[in-house]
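Working notes for the structure below.
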Amino acid sequence: MKIALVRAHYNPFGGAERFLNVAVDAMLAHQHTPTILTRAWPKRANVNIAHRIINPRYVTSAGRDRNFANATRALLRQSDFDLVQSYERFQDCDVFHAVDGVHAEWLLQRERIQSPLQRLGVRLNPHHRYLREAEREMYHSSALRAVICISQMVKADILAHYQIDPAKLHVIYGPIDTEAFHPRLIEAHRETTRHKYAIAANAPVAIHVGSGFERKGVAAFLRSVALVPGLHAFVVGHDKKIAHYRAMAKTLGIAARVFFTGGIADVKPYYAASDVFVMPTIYEPFGLVFGEAMACGLPVVSSTKAGAADWIRHGMNGFVVEATDIAAIAAAIEAAIAAPAIGLRGREIVLARNQTDAGEQYAELYKQLVPA
């Protein structure tokens with residue numbers, strides 16, 4: 001079976017693409033032939049995957065997405081693919097893999113932390129308007145046969161915003177490497193990582209991992225760190241406004257105990273040096289970093305709008321709080337540090353989830369959609 005995978009910006013190491021890569025592996029294992037349709041092909045991409053470049057000219061970000069969608073549709077009409085699985089919002093796909101969640105829901109959640117002027121700017125922004133319209137048209141299209149949701153939260157968000165047959169929605173979680181992410185990392189990395197940052201062996205440490213600081217809740221994280229006496233913190237990830245967040249840490253009086261690492265290739269030593277993982281995200285379709293931290297045996301503090309909250313039972317194997325409730329986040333951090341056994345129960349949940357093979361779930365779905 002020949003399958004087209006539509007992803008405008010393909011980063012083989014991106015969080016969303018990790019879900020795509022699992023789907024690709026399932027296709028290859030079952031003798032299917034995947035081809036990625038994208039604007040550019042990274043040098044470090046998998047050489048075993050076929051690809052086609054579709055990169056029409058554009059001026060604006062809305063024009064970029066619209067022109068890519070139109071050019072992709074034109075190519076698909078001239079091709080003989082058996083199935084089209086898209087990671088972009090456009091009408092002509094058989095399967096939509098909702099790795100980026102629901103754009104309409106993200107905008108709704110974002111409004112809660114924006115000023116009236118910022119909200120007006122988003123509503124007038126032609127790119128957001130295009131994405132909302134494209135998303136609506138896709139979900140209401142008769143061509144759409146299945147949607148792969150990466151969490152129950154994403155499934156619920158789709159049903160809340162669009163009229164679609166629930167039978168088309170399939171929840172498939174991403175796998176977590178529980179051997180690479182393991183509590184034994186503490187023995188290998190905790191002491192040396194803490195020594196690098198001059199953090200005392202008995203000092204409590206929280207970690208936040210994720211780029212795109214506004215959506216991932218770094219401001220709320222910093223404010224909650226300021227409420228926990230003696231708490232040190234790692235902020236791991238990229239953001240073009242990182243100077244703003246450094247200044248915020250200084251204003252809060254915690255600059256000496258908050259370390260902005262930037263993007264790093266291997267976050268495992270930082271998990272090992274930490275006592276609790278905290279990401280009060282405004283909107284996160286799943287968040288594989290939650291699963292990685294849980295696999296390491298770290299207690300996690302999630303927000304109600306993270307898909308990984310599907311795996312968490314508040315106070316039992318982690319904590320789920322409102323993303324903007326700073327006092328509740330701080331209280332959860334303190335409770336997590338005081339009860340490290342919660343982290344070990346979190347690892348048990350990840351181990352149990354991994355018993356369901358994600359690749360087989362993808363393969364079974366493709367079999368249903370296009371019988372041999």
Side-chain angles (χ1 to χ4, degrees), residues 15 18-19 22 150-154 171-190 193 204-210 216-217 220-221 224-225 228 231-237 266-281 283-323 325 328-358:
R18 287 170 65 182
F19 288 91
V22 174
I150 63 174
S151 66
Q152 291 289 346
M153 184 196 79
V154 169
V171 177
I172 304 179
Y173 294 109
I176 304 297
D177 188 341
T178 54
E179 280 303 306
F181 297 93
H182 195 284
R184 63 172 171 263
L185 292 171
I186 290 176
E187 299 175 10
H189 299 292
R190 188 178 182 88
T193 306
V205 178
I207 183 171
H208 180 291
V209 180
K216 300 295 177 71
F221 176 64
S224 63
V225 168
V228 182
L231 180 65
H232 292 66
F234 291 119
V235 178
V236 180
D266 185 7
V267 74
K268 292 191 290 292
Y270 292 86
Y271 286 140
S274 303
D275 300 296
V276 57
F277 176 88
V278 186
M279 192 165 80
T281 177
Y283 185 71
E284 182 68 34
F286 184 80
L288 290 170
V289 287
F290 285 104
E292 292 171 355
M294 293 169 74
C296 289
L298 278 178
V300 300
V301 179
S302 166
S303 74
T304 56
K305 289 306 295 183
D310 289 358
W311 294 8
I312 302 171
R313 298 296 174 265
H314 184 76
M316 296 294 294
N317 63 348
F319 298 87
V320 181
V321 296
E322 165 56 47
D325 190 337
I329 298 167
I333 291 172
E334 293 181 309
I337 292 171
I342 286 176
L344 297 178
R345 290 197 289 270
R347 176 172 170 79
E348 292 173 1
I349 291 295
V350 177
L351 290 171
R353 292 289 185 182
N354 268 14
Q355 290 179 5
T356 301
D357 187 275

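In this structure the side chain of Phe319 reaches within 4.5 angstrom of the side chain of Ile342, judged on heavy atoms. Under the 4.5 Å side-chain criterion, counting only non-hydrogen atoms from C-beta, Val289 is in contact with Glu292. With contacts defined as side-chain heavy-atom distances shorter than 4.5 Å, the pair His314/Val321 qualifies. Between Val228 and Pro204 the shortest side-chain heavy-atom distance does not fall below 4.5 Å.
Val276 and Ala336 get closest at one heavy-atom pair: CG2-CB, 3.6 Å. Nearest approach of Pro280 to His208, heavy atoms of both residues: CD-CD2, 4.2 Å. Closest approach of Arg347 and Ala295 over heavy atoms only: NH1-O, 2.6 Å. When all heavy atoms of Phe234 and Ser274 are compared, the pair lying nearest together is CD1-OG, 3.7 Å. Nearest heavy atom pair, residue Ala323 against residue Ala220, reads O-CB, 3.6 Å. Across all their heavy atoms, Val205 and Ala273 have their closest contact at CB-O, 3.8 Å.
Under a 3.5 Å cut-off, the side chain of Arg184 and the backbone N or O of Glu179 do form a donor-acceptor pair. Looking at Asp357, its side chain never comes within 3.5 Å of a backbone N or O of Pro175 through a donor-acceptor pair. Between the side chain of Ser151 and the main chain of Pro285, a donor-acceptor pair closer than 3.5 Å is present. Of the possible polar contacts, one joining the Thr281 side chain to the Tyr283 backbone as a donor-acceptor pair under 3.5 Å is found. The main-chain N or O of Gln152 is found under 3.5 Å from a side-chain atom of Asp310 such that the two form a donor-acceptor pair.
Of the inter-residue distances, the one linking Phe221 atom CZ with Met279 atom CE reads 11.0 Å to the nearest 0.5 angstrom. A distance of 4.5 Å separates CG in Leu288 from CD1 in Ile176, rounded to the nearest 0.5 Å. Note that NE2 of His189 and OH of Tyr270 are 11.0 Å apart. Values are rounded to the nearest 0.5 Å. In this structure, the separation between NZ on Lys268 and CG on Asp177 is 8.0 Å, given to the nearest 0.5 Å. In this structure, Arg190 CZ and Asp275 CG are separated by 4.5 Å, a value rounded to the nearest 0.5 Å. Between atom CZ of residue Phe277 and atom CG of residue Leu298 there is a gap of 9.0 Å, rounded to the nearest 0.5 Å.
For the side-chain contact (heavy atoms from CB on, under 4.5 Å) with Met294, the qualifying choice from Thr178, Val300, Leu351 is Val300, the only one to do so.
For Tyr271, the ring pair (Phe, Tyr, Trp, His ring centres under 6.0 Å) criterion is met by no residue, not counting sequence neighbours.
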